[in-house]
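Hydrogens, waters and symmetry mates play no part in the numbers below; they use all other heavy atoms, side chains included.
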Amino acid sequence: MSPDVSTYTQIEVFKENMKFSAAHFTVFSATERERLHGHNFSVYAMIEAPVGDNGMCFSYVELKARLRRLCDELDEYLVLPAHSPYLSVIDEGDEYRVEFNGETMRFLSADTRLLPIRNSTVEEYSRYILQRVLDDDAFIEASGIRRIEIRVSSGPGQRGSASWVQP
């Protein structure tokens with residue numbers, strides 16, 4: 001029996017080393033934020049793609065390596081949102097000056113990742129990682145991927161997800 005190449009399947013990837021530790025604070029409003037703290041974040045990916053003649057959707061090696069690299073880029077950094085409606089983040093060379101509700105906070109640039117997100121939340125981290133995966137058009141196209149979901153967890157029972165479906 002030959003496989004039906006029009007059949008799609010879901011591949012789930014969540015390895016122990018697909019994680020990052022990061023400091024952050026969530027901003028709730030123009031006047032309220034959390035204190036600076038950290039989490040051990042876990043990353044999960046679900047990919048929906050056709051099963052090829054070889055019985056596989058694609059090589060998981062490439063996807064796992066990409067997700068590990070993304071986790072490594074965030075590991076042991078303070079994450080700041082570049083697009084927050086409530087924070088002002090000013091790059092002063094060796095440090096970032098962050099202004100919020102009359103407070104000024106300073107963080108060493110070498111210890112900080114300024115991301116194109118609106119808030120330092122699992123929802124935004126999952127959207128950011130999804131976008132970075134989608135930036136690899138060649139992998140998406142070559143694998144016939146039609147759906148991707150990325151989940152980021154900050155601990156048991158608490159996670160955010162972002163998904164993309166091929167138009």
Is there side-chain contact between Tyr96 and Asp91, with heavy atoms separated by less than 4.5 Å? yes
Indicate whether any N or O donor in one side chain lies under 3.5 Å from an N or O acceptor in the other, for Ser21 and Asn40. yes
Residues at least two apart in sequence or cross-chain that pass side chain to side chain contact (heavy atoms under 4.5 Å, CB included) with Ser153, listed by chain then number, are Ser42, Arg159
Approximate separation, where rounding is to 0.5 Å, of Tyr128 OH and Ile117 CD1: 8.5 Å
Note: Asn119 and Val27 closest approach over all heavy atoms is ND2-O, 2.7 Å
Smallest separation among heavy atoms of Pro81 and Leu87, with atom names: CG-CD1, 3.8 Å
What's the shortest heavy-atom distance between Ser126 and Ile150, and which atoms? CB-O, 3.5 Å
How would you list all residue pairs meeting side-chain hydrogen bond (donor to acceptor under 3.5 Å, both in side chains) that involve residues 73-87, not counting sequence neighbours? Glu73-Arg132, Tyr77-Arg113
Which residues satisfy the side chain to side chain contact (heavy atoms under 4.5 Å, CB included) test with Val122, sequence neighbours excluded? Phe41, Val152, Ser154
Taking all non-hydrogen atoms of both residues, which atom of Pro116 and which atom of Ala82 are closest, and how far apart? CA-CB, 4.4 Å
Using the salt bridge (Lys or Arg N to Asp or Glu O under 4.0 Å) criterion, which residues pair with Glu16? Sequence neighbours excluded. Lys19
Applying side chain to side chain contact (heavy atoms under 4.5 Å, CB included), name anything that partners Asn17, two or more places apart in sequence or on another chain. Lys15, Arg68
Among pairs that include at least one residue of residues 26-52, which meet salt bridge (charged side-chain N to carboxylate O under 4.0 Å, His left out), considering only residues two or more places apart or in two chains? Arg33-Glu103, Glu48-Arg146
Applying salt bridge (Lys or Arg N to Asp or Glu O under 4.0 Å), name anything that partners Arg127, two or more places apart in sequence or on another chain. Glu124
Would you list the pairs meeting ring pair (Phe, Tyr, Trp, His ring centres under 6.0 Å) in which at least one residue belongs to residues 129-156, sequence neighbours left out? Phe58-Phe139
Looking at Ser120 and Phe25, what are the two nearest heavy atoms and their distance? CB-O, 3.7 Å
Contacts of type side chain to side chain contact (heavy atoms under 4.5 Å, CB included), residue Cys57, not counting sequence neighbours: Thr9, Ile11, Ala49, Val51
Tightest non-hydrogen contact, residues Thr104 and Glu99, listed as OG1-CG, 4.1 Å
Only counting residues at least two apart or in another chain, list the ones meeting salt bridge (Lys or Arg N to Asp or Glu O under 4.0 Å) with Arg106. Glu92, Glu95
Interatomic spacing from CE in Met56 to OG in Ser143 - rounded to 0.5 Å: 9.5 Å
Could you note down all residue pairs passing ring pair (Phe, Tyr, Trp, His ring centres under 6.0 Å) where residues 146-167 supplies at least one of them, sequence neighbours left out? none
Single-linkage hydrophobic cluster, 4.5 Å side-chain cutoff, Leu67 and Met46 together: no
Shared-cluster residues of Leu108, by chain and number - hydrophobic side chains joined below 4.5 Å: none
